[in-house]
Amino acid sequence: MIYTITLNPAIDLVIITKKLESNTVNRTENFELQPNGKGVNVSFILKKMGIKNMATGIGGGFTLDYITAGLEEKGIKTKFLKVKEPTRINVFTRVLDQNVEYKEVNPGPEVGQEVQDKFLKYLKDTLKADDTLIISGSFSRGIKAEYLVEIAKITAEKKVKLVIDSSSKVVLDTLEYQPYLLKPNDQELASFFDLNEKLDQKKIIELARKLISAGCQNVLVSLGENGAALINKDHAYFGNAPKIQALNTSGAGDTMLGTFIGEKEKSDTAALKSAIAAGSDTASRSGLTDFKLEKYLNEIQVSEIK
């Protein structure tokens, strides 16, 4: 079984407007409400691929009810622990005459220690050997970054494949528990090593291999408009991104991760190519990909860098 964890779920309000001016009523062209959160997105992607999974995490209020209803409507089982404060609503506004996207992201609800402990117990009682656990995104208020290490300990004890998509440097403290895959973007990869610079291919491989030497098995690096890289102890693959008109980038990385995990039984190069194509398709639309990817796959070339 594949489990996704979202510890700061959200409803995303995606707005399309011709213009955005201050001190006036801006009439929008269109809007869409989307159950969201990085793990939630991964669950949707896996389900679109026909892969059974369960979405878990912590949230609260009518907004969490909307998210779980959206998941269950698609046939995805859920197990979210509830707190008193409501789950957040984020706003993504695409302004057509400026060709820009404004992102307004709110903090999550306060989560007390009792609920955090209950969630860890749920994982201990539920996970089985050879399951895959994907933890993605930020944490709600009250959940310290070190919570990630507690989850990693459980997966190591249970012999569960752990996949982490987090910008926190605490990721480095999980490496002794041999996570199956980390998915930073290039900026996050640099920040893990206190670097503030644009990384070239050589540096990406060097830093990823440091993570692998410390215990990680695979590193999937999203590179935005430049595609993505997959690096392990034996290989370093880079794939370009197809040319698209970006519309809403909020779920592109989650799509890439979910697609890669869903395709992991194929070759590394095939899985990487599909992941880039699906992530690009999501970035070009208001919602997640429909997996009609032929037009993108023809533009993507995956090469091994020695």
Side-chain angles (χ1 to χ4, degrees), residues 38 42 134-137 145 148 152 161-244 246 249 251-264 266-284 293 296-306:
K38 295 179 75 64
V42 173
I134 303 169
I135 180 164
S136 305
L148 188 59
K161 288 183 177 179
L162 176 62
V163 177
I164 302 173
D165 181 3
S166 172
S167 61
S168 172
K169 282 190 67 175
V170 171
V171 165
L172 301 179
D173 296 328
T174 70
L175 297 179
E176 65 179 288
Y177 303 104
Q178 299 183 317
Y180 173 72
L181 184 141
L182 302 182
K183 197 214 75 68
N185 60 36
D186 50 347
Q187 293 178 333
E188 291 165 346
L189 180 61
S191 71
F192 290 162
F193 297 94
D194 297 318
L195 299 177
N196 185 19
E197 62 186 65
K198 186 173 179 59
L199 305 180
D200 58 18
Q201 285 187 348
K202 182 179 179 181
K203 196 67 175 180
I204 289 170
I205 295 170
E206 175 191 333
L207 298 182
R209 289 262 164 82
K210 286 184 178 180
L211 298 175
I212 292 162
S213 295
C216 180
Q217 299 175 51
N218 299 278
V219 182
L220 177 64
V221 186
S222 54
L223 304 173
E225 63 182 12
N226 294 317
L230 175 66
I231 299 151
N232 53 41
K233 66 182 180 63
D234 298 317
H235 303 285
Y237 299 109
F238 283 77
N240 65 292
K243 293 181 180 180
I244 62 167
T249 60
D254 310 326
T255 299
M256 177 183 291
L257 177 58
T259 304
F260 183 82
I261 294 300
E263 297 274 7
K264 63 185 173 61
K266 296 184 178 180
S267 69
D268 285 345
T269 54
L272 180 60
K273 189 173 185 177
S274 294
I276 294 171
S280 299
D281 190 41
T282 287
S284 72
L293 304 177
Y296 300 112
L297 291 169
N298 293 333
E299 295 184 41
I300 300 169
Q301 300 294 324
V302 174
S303 303
E304 182 169 10
I305 307 300
K306 298 294 186 180

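Both backbone and side-chain heavy atoms feed into the values below; hydrogens, waters and symmetry mates do not. All residue numbers refer to positions in the sequence shown, counting from 1.
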Residues Gly279 and Thr255: closest non-hydrogen pair is N-CG2, 3.7 Å
Worksheet item: Side chains of Leu175 and Ile212: closer than 4.5 Å at any heavy-atom pair?
Response: no
Heavy atoms of Ile244 and Ser280 approach each other most closely as CD1-O, 3.4 Å
With a 4.5 Å cut-off on side-chain heavy atoms, are Thr269 and Glu304 touching?
no
Query raised in the report: Should we count CD of Gln217 as having more than 12 external heavy atoms under 6.0 Å?
Result: yes
Practice item. Would you confirm whether Thr174, through its side chain, and Val171, through its main-chain N or O, come within 3.5 Å as a donor-acceptor pair? Key: yes
Rounded to the nearest 0.5 angstrom, the CG-CE distance for Asp281 and Met256 is 12.5 Å
So do the side chains of Leu199 and Val221 get within less than 4.5 Å of each other, counting heavy atoms only? no
Residues passing the ring-ring contact (aromatic ring centres under 6.0 Å, His included) test with Tyr237, sequence neighbours excluded, are His235
Q: Output yes when a side-chain donor or acceptor of Asn218 lies under 3.5 Å from a complementary backbone atom of Asn232, and no otherwise.
A: no
>> With a 4.5 Å cut-off on side-chain heavy atoms, are Leu181 and Val219 touching?
In response: no
Minimal heavy-atom distance between Ala278 and Thr259, with the atoms involved, is CB-OG1, 3.4 Å
Does any N or O in the side chain of Glu299 come within less than 3.5 Å of the main-chain N or O of Tyr296, such that one atom is a donor and the other an acceptor?
-> no
When every non-hydrogen atom of Leu293 is compared with those of Ala277, the smallest separation belongs to CD2-O, 3.8 Å
The reported gap from OH in Tyr177 to CG in Leu162 (rounded to nearest 0.5 angstrom) is 11.5 Å
In this structure, CG of Asp186 is separated from CG of Asp200 (nearest 0.5 Å) by 11.0 Å
In terms of heavy-atom contacts, Ala241 and Ile276 come closest through CA-CG2, 4.0 Å
Evaluate side chain to side chain donor-acceptor pair (under 3.5 Å) for Lys183 paired with Ser222, printing each intermediate quantity in order. CA-CA 7 Å; Lys183 197 214 75 68; Ser222 54; 3.1 Å; yes
In terms of heavy-atom contacts, Ala228 and Leu272 come closest through CB-CD1, 4.0 Å
Interatomic distance, NZ@Lys198 vs CD@Gln187, rounded to 0.5 Å, equals 8.0 Å
message = With a 6.0 Å cut-off (strictly less than), is the heavy-atom count around NZ of Lys169, excluding the residue itself, greater than 12?
response = yes
Sequence neighbours excluded, the answer for side-chain contact (heavy atoms from CB on, under 4.5 Å) partners of Ser136 is Lys38, Val42, Ile134, Asp165, Leu257
CD1 of Ile204 to CD1 of Ile305, rounded to nearest 0.5 Å, is 10.5 Å
For this session: Please tell me if the side chains of Glu206 and Phe193 come closer than 4.5 Å, counting only heavy atoms from C-beta onward.
Result: no
Does a donor on one side chain and an acceptor on the other come within less than 3.5 Å for Ser166 and Ser168? no
Of Leu182, Ile205, Leu211, Leu207, the one forming a side chain to side chain contact (heavy atoms under 4.5 Å, CB included) with Ile231 is Ile205
dist Asn240:CG -> Leu223:CG (nearest 0.5 Å) comes out at 11.0 Å
